[in-house]
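See structure below.
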Amino acid sequence: DRRVPFRVLSGSQTVEVLGTRFNINSYADEEVIKTSLLEGSIQVSMQGGNAVLKPGQQAKVMKGAPLKVEPIDASRVLAWKEGYFRFEGVGIKELMRQLGRWYDMDVVYEGKVRDYEFVGEISRATRLSAVLRILEAGGVRFKVEGKTITVIE
């Protein structure tokens, strides 16, 4: 309701919602808070700056850095809502954080982790074992014990 805005507090930012569709990606294990606007208007504020987003823009907030606004691919931002993981140039640690949250698993690393870059789409209905097999085809090795996935290098 545009007449009754509300605020979402997320990490060090405040998002004022002014009648809209938006997505906030804010997890304690992520370095960046990403607020994406799909339609309508929101204002993102943090200590030291604020920005009013236009549809198709994303605000990125990182500790100790200024607020950054850039264009987005809405299909990538909304993939989770549509039941998919959608990766485009994502490193192994970011990918594994997402998988760990979705499958309720802890992720640890054994050895030095190489810089992988993943591109693709996987249904969130896919069993974890099948997802790991897909990633293994790209050269990553895993060991699963209980609720822990170990990325082996």
Side-chain angles (χ1 to χ4, degrees), residues 6-17 19-40 42 44-46 51 53-153:
F6 65 93
R7 290 183 178 90
V8 177
L9 304 175
S10 175
S12 61
Q13 77 173 358
T14 302
V15 177
E16 186 167 350
V17 180
T20 190
R21 284 183 47 214
F22 66 100
N23 184 69
I24 298 176
N25 183 309
S26 177
Y27 294 95
D29 62 350
E30 296 288 346
E31 294 179 5
V32 180
I33 299 170
K34 298 174 188 172
T35 303
S36 305
L37 180 63
L38 303 168
E39 76 180 42
I42 58 174
V44 178
S45 303
M46 61 175 281
L53 298 186
K54 296 176 185 172
Q57 290 184 321
Q58 180 178 78
K60 291 184 174 183
V61 174
M62 184 184 296
K63 266 190 180 171
L67 176 69
K68 185 176 181 181
V69 177
E70 52 190 45
I72 58 161
D73 173 0
S75 66
R76 185 172 173 219
V77 170
L78 290 177
W80 68 271
K81 187 177 176 195
E82 298 167 2
Y84 292 93
F85 293 106
R86 192 167 288 144
F87 305 112
E88 192 168 317
V90 172
I92 186 72
K93 288 191 175 185
E94 181 179 344
L95 183 143
M96 293 308 297
R97 282 193 303 269
Q98 290 184 43
L99 294 179
R101 281 193 294 267
W102 181 252
Y103 292 102
D104 191 25
M105 300 287 286
D106 295 317
V107 178
V108 296
Y109 298 87
E110 187 177 283
K112 184 177 186 254
V113 179
R114 289 190 290 165
D115 281 336
Y116 294 94
E117 191 172 287
F118 296 92
V119 176
E121 181 177 281
I122 301 171
S123 168
R124 287 182 178 244
T126 305
R127 293 182 45 199
L128 175 61
S129 59
V131 173
L132 296 180
R133 276 195 304 277
I134 291 167
L135 297 174
E136 285 176 332
V140 186
R141 294 183 341 167
F142 302 96
K143 177 173 53 176
V144 178
E145 295 177 328
K147 306 249 332 136
T148 302
I149 303 169
T150 302
V151 180
I152 303 168
E153 203 43 50

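Side chains included, hydrogens not; waters and symmetry mates left out as well; all remaining heavy atoms used. Position 1 is the first residue of the sequence; numbering continues from there.
Using modelled atom types and a 3.5 Å distance limit, the side chains of W80 and N23 yield a donor-acceptor pair.
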Query - Test side-chain contact (heavy atoms from CB on, under 4.5 Å) applied to F142 and M96, step by step - result: CA-CA 11 Å; F142 302 96; M96 293 308 297; 3.8 Å; yes

Requested in this report: Show the numbers, then the answer: is there a side-chain contact (heavy atoms from CB on, under 4.5 Å) between Y109 and T150?
Outcome: CA-CA 5 Å; Y109 298 87; T150 302; over 6 Å; no

Report task. Begin with the C-alpha distance, continue with both residues' side-chain angles, and end with the deciding distance and a verdict on side-chain contact (heavy atoms from CB on, under 4.5 Å) for V144 and M105. Result -> CA-CA 9 Å; V144 178; M105 300 287 286; 3.9 Å; yes

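Residues meeting the salt bridge (Lys or Arg N to Asp or Glu O under 4.0 Å) test with D106, sequence neighbours left out: none. Under the rule for a side-chain contact (heavy atoms from CB on, under 4.5 Å), the partners of Q57 that lie at least two apart in sequence or sit in another chain are L53, K54, V69. Partners of S26 by side-chain contact (heavy atoms from CB on, under 4.5 Å), not counting sequence neighbours, listed by chain and number: S10, I24, I33. Under the side-chain contact (heavy atoms from CB on, under 4.5 Å) criterion, A79 pairs with Y84, R86, sequence neighbours left out. Take Y116 and apply the ring pair (Phe, Tyr, Trp, His ring centres under 6.0 Å) test, not counting sequence neighbours, and it matches F118. Residues forming a side-chain hydrogen bond (donor to acceptor under 3.5 Å, both in side chains) with W102 (at least two apart in sequence, or on another chain): none. Taking R101 as the reference, D29, E30 meet the salt bridge (Lys or Arg N to Asp or Glu O under 4.0 Å) condition, with sequence neighbours excluded. For Q58, the side-chain hydrogen bond (donor to acceptor under 3.5 Å, both in side chains) partners are S36, not counting sequence neighbours.
Here CZ of F85 is found 5.0 Å from CG of L99. Values are rounded to the nearest 0.5 Å. In this structure, the separation between CD1 on I92 and CZ on F87 is 9.0 Å, given to the nearest 0.5 Å. Atom CD of E94 is separated from atom CD of E117 by 11.0 Å, given to the nearest 0.5 angstrom. For the atom pair NZ of K93 and CG of D115, the computed distance is 9.5 Å after rounding to the nearest 0.5 Å. Atom NZ in K34 sits 11.5 Å away from atom OH in Y27 (nearest 0.5 Å).
Judged by distance alone, with hydrogens and angles left aside, the side-chain atoms of S123 form a donor-acceptor pair with the main-chain N or O of A125 at under 3.5 Å.
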Name the atoms and distances for all side-chain donor-acceptor pairs under 3.5 Å in residues 129-138, with sequence neighbours left out.
none

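Pairing each heavy atom of L37 with each of P55, the nearest pair is CD2-N, 3.5 Å. Across V119 and G89, no two heavy atoms sit closer than the pair CG2-N, 3.6 Å. The minimum heavy-atom distance between V107 and G100, with the atom names listed, is CG2-CA, 4.2 Å.
Judged as a side chain to side chain donor-acceptor pair (under 3.5 Å), the pairs with a partner in residues 66-79 (not counting sequence neighbours) are, in order, K60-E70, D73-S75. Contacts classified as salt bridge (Lys or Arg N to Asp or Glu O under 4.0 Å) and involving residues 138-152 (residues at least two apart or in different chains) are given here: D104-K147, E110-K143.
Annotation for E31: atom CD does not count as buried by contact number, only 12 or fewer foreign heavy atoms lying within 6.0 Å.
Considering only heavy atoms from C-beta on, I149 comes within 4.5 Å of L128 through its side chain.
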